[in-house]
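Structure, as structure tokens:
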Number of protein chains: 2
Amino acid sequence: MHWIVQYIHDMPETTPVDQVMELVSLLQRDMAHSFARDGLTEARAHLLWVLQDGPTTQRALADALRVTPRNITGLVDGLVASGHVVRRAHPTDRRATLVDLTEPGADLLRSMTEGYAEMHEVLFGGLPDRELAAFGRTLGRVVDRLRARLVEEGIG
Amino acid sequence: MHWIVQYIHDMPETTPVDQVMELVSLLQRDMAHSFARDGLTEARAHLLWVLQDGPTTQRALADALRVTPRNITGLVDGLVASGHVVRRAHPTDRRATLVDLTEPGADLLRSMTEGYAEMHEVLFGGLPDRELAAFGRTLGRVVDRLRARLVEEGIG
DNA sequence: TATTGTTATACTCTATAACTATA
DNA sequence: TATAGTTATAGAGTATAACAATA
């Protein structure tokens, strides 16, 4: 299938898998840059992102970020120090801690959400609707395949 | 454009950007799992991958991996300890060190290359040629846009 | 003077294990 | 007993700064 990309970019060795890998690499760099500009690391940005859904226990954050509870302690410590979140007592479970956004944290999350929305324009702006629709259909299948593979391998 | 994915997956809030982000997330997890199975971290796997092109100076590795030369010292130390690479004297520049694959390192790189080739089947196997071609065309444009954005922002 | 790679130091993310408080 | 979060400890990746050897 080399010809697909050859035709467009004249890069004789580029395959669709290469394109996907480059997309991943570019997106990682772009996001890391955005987060750093906001004074965030990727892990802390991820945690903040999860807090969109409201105050969350550290246990739930550990599940969402797929890291151990111990890591959440450190990430929350950092975000408390930077003034983005606060720890609050859980109303019914005295073992648990709720992590909640501060006002500056909520502001930052809002700007992150706006950046996420702008990503649509960056990636797909000006693309014909039919082309975008077809792309979305195929991408949906690819994502489903990959998700199935992870489940198969017991990574899910 | 929400309807695109709604139509297929009945996930009312999923956008093409969400799909791309999930693709990135799933691929990261899949790769991290593969590398760990081979006793590698992502950073060391990346370094090994660059060595496909032959013996390489640490300076060149730093550029390829986009990290400081100091980091390369640590990564190469680890790969030397695990027996995957060796340091060799540069034939003409006595300041420089060439990093080269050992036989076990070359074997592992070969299996990584095979895994990369199999990724085509995982992601696209069974997809009609026309659909894959269209996907590759659109993905090429998306990657180009993203690359341009990074250059614009001075990240390139 | 500039470059290559190192030592020294520090920060972040990650993990496991042992522990306290609570359910 | 089980769960939520912490302290203790360790390893890996990253960075800057200062340095020695070489170009």
Side-chain angles (χ1 to χ4, degrees), chain A residues 25 28-29 31-51 55-82 84-100 155, chain B residues 25 28-29 31-51 55-82 84-100 155:
Chain A
S25 165
Q28 282 178 321
R29 281 167 53 202
M31 288 193 294
H33 181 259
S34 298
F35 296 152
R37 201 178 38 202
D38 288 336
L40 292 176
T41 61
E42 291 191 59
R44 291 178 193 180
H46 191 177
L47 195 155
L48 225 51
W49 194 253
V50 173
L51 291 184
T56 310
T57 64
Q58 296 193 185
R59 174 70 239 179
L61 289 171
D63 293 338
L65 271 62
R66 295 173 181 274
V67 297
T68 61
R70 176 61 185 89
N71 282 299
I72 301 299
T73 301
L75 295 174
V76 171
D77 285 351
L79 286 165
V80 166
S82 59
H84 293 108
V85 307
V86 286
R87 285 187 171 92
R88 290 203 337 240
H90 191 285
T92 61
D93 188 339
R94 286 200 296 172
R95 295 170 306 178
T97 308
L98 282 176
V99 181
D100 200 2
I155 315 177
Chain B
S25 166
Q28 283 179 319
R29 280 168 53 203
M31 288 193 294
H33 181 260
S34 298
F35 295 152
R37 201 178 38 202
D38 288 336
L40 292 176
T41 61
E42 290 190 61
R44 291 178 193 180
H46 191 176
L47 195 155
L48 226 51
W49 193 253
V50 174
L51 290 184
T56 309
T57 64
Q58 294 193 189
R59 175 71 239 179
L61 289 171
D63 293 338
L65 271 60
R66 295 172 181 276
V67 297
T68 60
R70 176 60 185 90
N71 283 298
I72 300 298
T73 300
L75 295 174
V76 171
D77 284 352
L79 286 166
V80 166
S82 59
H84 293 109
V85 308
V86 287
R87 284 189 171 93
R88 290 204 335 240
H90 191 286
T92 61
D93 188 339
R94 285 201 296 172
R95 293 170 307 178
T97 308
L98 282 177
V99 180
D100 199 2
I155 315 177

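Below, read A as the first sequence line, B as the second, and so on, with proteins coming before strands; counting in each chain starts at 1.
D:dT22 atom P lies 19 Å from atom CZ of B:R59, rounded to whole Å. Note: CG (B:L79) to C1' (D:dA12) measures 12 Å, nearest angstrom. A straight line from CG of B:L98 to P of C:dT4 spans 12 Å, rounded to a whole angstrom. Protein atom CG of B:D93 is 8 Å distant from nucleotide atom P of C:dG5, rounded to whole Å. Separating the CD1 atom of A:I72 from the C1' atom of C:dT16 is a distance of 16 Å, rounded to the nearest angstrom. Here the C1' atom of nucleotide D:dG5 and the CG atom of A:D77 are 11 Å apart, to the nearest Å. Nucleotide D:dG5 holds its C1' atom 17 Å from the CZ atom of A:R88, rounded to whole Å. Whole-Å rounding puts the A:R44 CZ to C:dC11 P distance at 12 Å.
Taking all atoms of both residues into account, the shortest heavy-atom contact from B:H90 to B:A96 is CB-O, 3.5 Å.
The base of D:dT7 sits within donor-acceptor range of the side chain of A:R70, with an N or O pair under 3.5 Å. Contact of A:R95 with D:dT3 (side chain to base): a donor-acceptor pair of N or O atoms is detected under 3.5 Å.
Remark: A:T41 is not in phosphate contact with C:dT12, judged by side-chain N or O atoms under 4.0 Å from OP1 or OP2. An OP1 or OP2 oxygen of C:dA15 is reached within less than 4.0 angstrom by a side-chain nitrogen or oxygen of A:T68. Phosphate proximity of C:dT6 to B:R87: present, with a side-chain N or O under 4.0 Å from OP1 or OP2.
For B:R94, taking side-chain heavy atoms from C-beta onward, the closest of the listed nucleotides D:dT22, D:dT6, D:dA15 is D:dT22. Picking from D:dG5, C:dA15, C:dT4 the nucleotide with the shortest atom distance to the side chain of A:Q58 gives D:dG5. Of the listed nucleotides (D:dT6, C:dT6, C:dA15), D:dT6 has the atom at the smallest distance from the side chain of A:P69. Comparing D:dT14, C:dT4, C:dT22 by their nearest atom to the side chain of B:V67 picks out D:dT14.
When each of A:A43 and B:A60 is assigned the nucleotide of DNA chain C bearing its nearest heavy atom, the one mapping closer to the 5' terminus is B:A60.
Residue contacts for B:L75: at a heavy-atom cut-off of 4.0 Å it reaches the sugar-phosphate backbone alone, with no base atom in range. Using a 4.0 Å heavy-atom criterion, one finds that A:T97 contacts the sugar-phosphate atoms exclusively.
Among A:V86, A:V99, A:V85, the single residue meeting the side-chain contact (heavy atoms from CB on, under 4.5 Å) criterion with A:V80 is A:V85.
Rounded to the nearest 0.5 angstrom, A:D77 CG and A:I72 CD1 are separated by 11.0 Å. In this structure, A:Q58 CD and A:T97 OG1 are separated by 5.0 Å, a value rounded to the nearest 0.5 Å. Rounding to the nearest 0.5 Å gives a distance of 13.5 Å between CD of B:E42 and CG of B:L47.
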